[in-house]
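What you see is a predicted model; the values in this text were computed from it and never measured.
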Amino acid sequence: MATKGAGMANKGPSYGLSRQVQDKIDSKYDPELEQILVEWISRQCGSGVGKPEPGKQGFQAWLKDGCVLSELINSLFAGEKPVKKIQSSPMAFKQMEQISQFLNAAEKYGVTKTDMFQTVDLWEGKDLAAVQRTLSALGSLAVTKDEGTYKGDPNWFFKKAQENKRDFSDEQMKAGKNVIGLQMGSNKGASQEGMSYGRPRQIL
């Protein structure tokens, strides 16, 4: 066992499978998307947020304390801002707290849970492709909602298919439920008559 460990030690901090997994995750990171996201965030938040060094590490360092992300999500809300306090801190737990405030606000804005990155994906750099996915989903939502708060190029993100929400009365809803019931096959008047399981019952 010791010899195996020694043989793999030259691979750096990650060994075997975890290294392969990390390589796969890294390969999903999109440098072109990074440029679009950086440009959008800069326009959305103003020059105060600056711009990162190009590349994944720069992107992570720029967003890691959660402040740029919080500025971004606040800029998309026309009324009351969801993240009340944006404060840069050298302390890890404060930075993580700021990131999770962004995530909560993004969910409130409408980003689905499946499109959300986890705090460690960004903070520890575990999965920056997931961070890109969340930001892309946010951009798509902002373009789709078209509330006048989006300051980027509308062509940068796909418009999401919008739900066509309609207001139905209770009566209409009840009637609709009956239709669905019939489509699935009615069991009105159904009994177990004529159905047999296994051996027929002997009637003596």
Contact summary for Gly110 and Leu141, nearest pair of heavy atoms: C-CD1, 3.3 Å

Pairwise distance NZ(Lys108) to CD1(Ile73) - rounded to 0.5 angstrom: 9.5 Å

Where Met116 and Glu107 come nearest, the two heavy atoms and their spacing: CE-N, 3.2 Å

Heavy atoms from other residues, nucleotides or ligands near CD of Glu147 exceed 12 (cutoff 6.0 Å): yes

Distance-minimising heavy-atom pair for Ala137 and Val111: CB-CG1, 4.1 Å

Within-4.5 Å side-chain heavy-atom neighbours: Pro52 and Val38: yes

Trp123 six-ring face occupied by Lys64 cation (under 6.0 Å, within 45°): yes

CD-SG distance between Gln95 and Cys67, expressed to the nearest 0.5 angstrom: 8.0 Å

Note, Trp40 side chain near Leu138 side chain (heavy atom, < 4.5 Å): yes

Gln98 side chain vs Gln87 backbone, donor-acceptor pair below 3.5 Å: yes

Nearest heavy atoms of Ile99 and Gly66, plus distance in Å: CG1-CA, 3.8 Å

Glu71 (side chain) donor-acceptor with Val49 (main chain) under 3.5 angstrom: no

Derivation of the salt bridge (Lys or Arg N to Asp or Glu O under 4.0 Å) call for Lys56 and Glu34: CA-CA 8 Å; Lys56 201 162 60 159; Glu34 176 199 299; over 6 Å; no

Lys81 side-chain N/O to Asn74 backbone N/O, donor-acceptor pair under 3.5 Å: yes

Side-chain donor/acceptor of Thr149 to backbone N/O of Phe77, under 3.5 Å: no

Euclidean distance, Trp62 CH2 relative to Leu122 CG, rounded to 0.5 Å: 11.5 Å

Whether Lys145 side chain and Tyr109 backbone form a donor-acceptor pair below 3.5 Å: yes

Neighbour count >12 (heavy atoms, 6.0 Å) for atom NZ, Lys113: no

Separation between OG1 of Thr114 and CZ of Arg133, rounded to the nearest 0.5 Å: 8.0 Å

Distance (rounded to the nearest 0.5 Å) between Glu124 CD and Met96 CE: 5.5 Å

Side chain Thr134, main chain Phe117, donor-acceptor under 3.5 Å: yes

Spacing of CG belonging to Asp153 relative to CZ belonging to Arg43, to within rounding of 0.5 Å: 6.5 Å

Heavy-atom side-chain proximity of Leu135 to Leu63 below 4.5 angstrom: yes

4.5 Å side-chain heavy-atom contact, Leu128 and Asp121: no

Parallel, tilted or perpendicular: ring planes of Phe157 versus Tyr150, cut at 30 and 60 degrees: perpendicular

Nearest heavy atoms of Ser140 and Thr144, plus distance in Å: O-OG1, 2.6 Å

Shortest non-hydrogen separation from Lys151 to Gln44 and the atoms involved: N-OE1, 2.9 Å

Exceeds 12 heavy-atom contacts within 6.0 angstrom, atom CD of Gln60: yes

